[in-house]
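The sequence lines fix the lettering, A, B, ..., with proteins before strands; numbering per chain opens at 1. Just so it is clear, the values below take in all heavy atoms, side chains as well, and ignore hydrogens, waters and symmetry mates.
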Amino acid sequence: MTEDNIILEIKDLKKHYYKGKLKAVEDVSVNVNKGDVLVIIGPSGSGKSTLLRCMNMLEEPTSGSILFHGRDITKKYTVDENGKKVKLDIDSIREHMGMVFQHFNLFSHKTVLQNMVMAPVKVKGMDPDDAAKKAMDLLKRVGLEDRADNYPIQLSGGQKQRIAIVRALMMEPEVMLFDEPTSALDPEMVGEVLDVMKGLAKEGMTMVVVTHEMGFAREVGNRIVFMSDGSLLEEGSPSEIFNSPKNERLRDFLSKVL
Amino acid sequence: MITVEGFEKTFRYMSMFWQGMGTTVALSLLTVFFGFILALILALMRLSKFKVLKALSSAYVEIFRATPLLVQLFIVYYILFDGIALPGIKLFGFIRFDRFVPGVVALSLNSGAYLCEIIRAGIQSIDIGQTEAARSLGLNRVQTLKLVVLPQAIKNILPAIANEFVTIIKESSICYTIGVQEIMYTVASVKGATFSIGEPLLVATAIYFCLTFPTSKVIQYFERRMSRGDRR
């Protein structure tokens, strides 16, 4: 694996709350390589979401480092080749990481189309007409082109989440972070969202997915990470994790969810 | 005693009432404008991560909410503007500039404190997920505030802002004490000319009502229009 293939490199990451009384993430190290579909599983409160949210600095880690293409994004300042101090522009890093939330978080005062074109136009300076065209193409791909002028409240949960995914795709991210994307959905809508994610994985999109959907993890993931009580306890391929789990806690967890 | 004759006499001075109404409206509009800008700055200070800014904003709001408006008005007029010689010109021929400006300043400083609390509550009422989604897309702090948080917050607090505007129209009557020729000042002048107080007071009451009632209706209309995103 060459250096270039590593998109995110997480080293000894810690996230503590209440001055260390709550250790949400404890000494986690994991890499995200290009083309990976890394699925993070584990019981509720095990720090999966916190780890994911640290990856684009929505949560500030207590210690440890997160390298995005070799650049530590947890430090406010980095030193370039000439030894000059450079301020880290976290917004320019986040542009390259799409994120999908459990509760969709569509901008409720904007239509579907406006939701999608806002960031490309305002952040990348994309031409509004080009952005709208691109948005319509993406909406067609997820079968929601007739919803372009609707407001989020007029959509079902599954539709909202599909829109949230294509909104993130508008920025052409290098990696997509999914934070329990189907947990807030009615059961009959889970499939339509997972299908979109499967399609993305097939196209080679690098993805980090926190989920309770074990079927998805087994079928689509190429690497599975098991977390419990803030620690990363086991990492492996789907067959290693699901067919021959080594860790006691993982075996216990799987016996409950499968 | 209220008499028809008294009203006839009072109506002879209607042009003075119209001018007083113009002054009241100008006073209130400018107050809401400057008060809102001040409140926005105060609210952002209050929500910033810098403790000094937070403390300054809190102190400001607490002081202005805990002291009477009349006291604030007198302090602005007699102390703050004591050394400042404003030109004694008349705007539109009837608004006395040197009285009007201290009035606007005092009312704006006061309503800024109240509007600050309204705006702060409005911003805090917006789900943090909206901010997180915007930031995760690469929008910076200012863009997130401008494009995502404030439009939704302002929509939510519009009824409260309308209330504040109506309150300002009514409270601006206090400026008569420093000689701003608004509606209540007109009442005093007409009383001096006609030797009756009841009729001019009732006319003033009617004018105030005609100002505040439609104002709240107009804002209700915009509130409905802006809530399109909430309707199925």
Side-chain angles (χ1 to χ4, degrees), chain A residues 49 52-53 55-60 89-112 114-126 149-156 160 163-164 167-173 175-179 184, chain B residues 36 40 43-44 47-51 53-54 118-162 219-232:
Chain A
S49 287
L52 188 82
R53 288 162 57 83
M55 290 184 191
N56 70 350
M57 292 295 287
L58 279 185
E59 298 289 345
E60 242 172 81
D89 179 12
I90 190 65
D91 303 316
S92 68
I93 304 282
R94 286 196 181 117
E95 266 183 61
H96 303 287
M97 296 196 244
M99 187 156 195
V100 175
F101 300 85
Q102 185 178 353
H103 296 288
F104 332 122
N105 296 348
L106 294 180
F107 305 135
S108 46
H109 63 308
K110 299 276 182 196
T111 63
V112 166
Q114 289 166 343
N115 260 278
M116 293 175 73
V117 301
M118 184 195 284
V121 170
K122 298 290 177 182
V123 177
K124 283 187 165 173
M126 198 174 174
D149 295 322
N150 284 144
Y151 283 91
I153 195 148
Q154 298 166 309
L155 307 173
S156 73
K160 279 186 210 170
I163 303 287
R167 178 177 70 176
L169 290 178
M170 286 292 288
M171 295 299 283
E172 296 183 347
V175 51
M176 286 281 283
L177 311 175
F178 291 86
D179 188 5
Chain B
F36 185 81
L40 197 57
L44 294 180
L47 296 170
S48 91
K49 50 188 175 180
F50 299 109
K51 286 216 172 80
L53 293 181
K54 249 184 195 173
I118 294 171
I119 294 174
R120 182 180 62 87
I123 290 175
Q124 283 177 334
S125 75
I126 302 304
D127 179 20
I128 185 77
Q130 297 281 311
T131 302
E132 288 181 348
R135 297 306 302 273
S136 78
L137 286 165
L139 279 93
N140 63 34
R141 216 180 275 273
V142 177
Q143 287 171 325
T144 301
L145 198 63
K146 207 177 88 185
L147 299 169
V148 176
V149 178
L150 280 183
Q152 297 186 59
I154 288 173
K155 188 184 85 186
N156 288 355
I157 62 180
L158 218 52
I161 293 180
I219 297 192
Q220 259 175 33
Y221 167 76
F222 281 109
E223 204 189 318
R224 268 201 301 274
R225 263 198 51 181
M226 280 178 76
S227 65
R228 275 176 306 187
D230 300 340
R231 266 205 313 270
R232 274 171 200 274

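With hydrogens and angles ignored, the 3.5 Å screen pairs a side-chain donor or acceptor of B:Gln143 with a backbone N or O of A:Lys122. Formation of a donor-acceptor pair under 3.5 Å by the A:His109 side chain with backbone atoms of B:Ala153 is not found in this model.
Annotation for A:Arg94 and B:Arg135: closest pair CD-O, 3.0 Å, computed over non-hydrogen atoms.
Contact annotation for residues 122-131 of chain B against chain A (heavy-atom separation below 4.5 Å, listed by residue number): B:Asp127, B:Gly129, B:Gln130.
Every side-chain contact (heavy atoms from CB on, under 4.5 Å) that A:Leu52 has, sequence neighbours left out, goes to A:Met55, A:Met99, A:Leu177, A:Asp179, A:Val208, A:Val210. Residues forming a side-chain hydrogen bond (donor to acceptor under 3.5 Å, both in side chains) with B:Asn140 (at least two apart in sequence, or on another chain): none. Listed by chain and number, the residues in a side-chain hydrogen bond (donor to acceptor under 3.5 Å, both in side chains) with A:Arg167 are A:Asn115 (sequence neighbours excluded).
Dense packing is recorded around NZ of A:Lys124, with more than 12 heavy atoms of other residues, nucleotides or ligands lying under 6.0 Å away.
Once rounded to the nearest 0.5 Å, the distance linking CG of A:Asn105 with CG of B:Leu137 reads 10.0 Å. Atom NZ of A:Lys110 is separated from atom CD of B:Gln152 by 9.5 Å, given to the nearest 0.5 angstrom.
For a residue to count as touching a neighbouring chain, one of its non-hydrogen atoms must lie under 4.5 Å from one of that chain's; by this rule A:Met118 touches chain B with the side chain only. Heavy-atom distances place the backbone of A:Leu106, and not its side chain, under 4.5 Å from chain B. The part of A:Met97 that comes within reach of chain B is its backbone (N, CA, C, O), which places non-hydrogen atoms under 4.5 angstrom from that chain.
Within the 4.5 Å cutoff, no side-chain heavy atoms of B:Pro151 are placed close to those of A:Phe107.
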(message) Assess the residue pair B:Leu139 and A:Asp91 against the criterion (side-chain contact (heavy atoms from CB on, under 4.5 Å)); give the C-alpha distance rounded to whole Å, side-chain angles, the decisive distance to 0.1 Å, and a yes or no.
(response) CA-CA 6 Å; B:Leu139 279 93; A:Asp91 303 316; over 6 Å; no

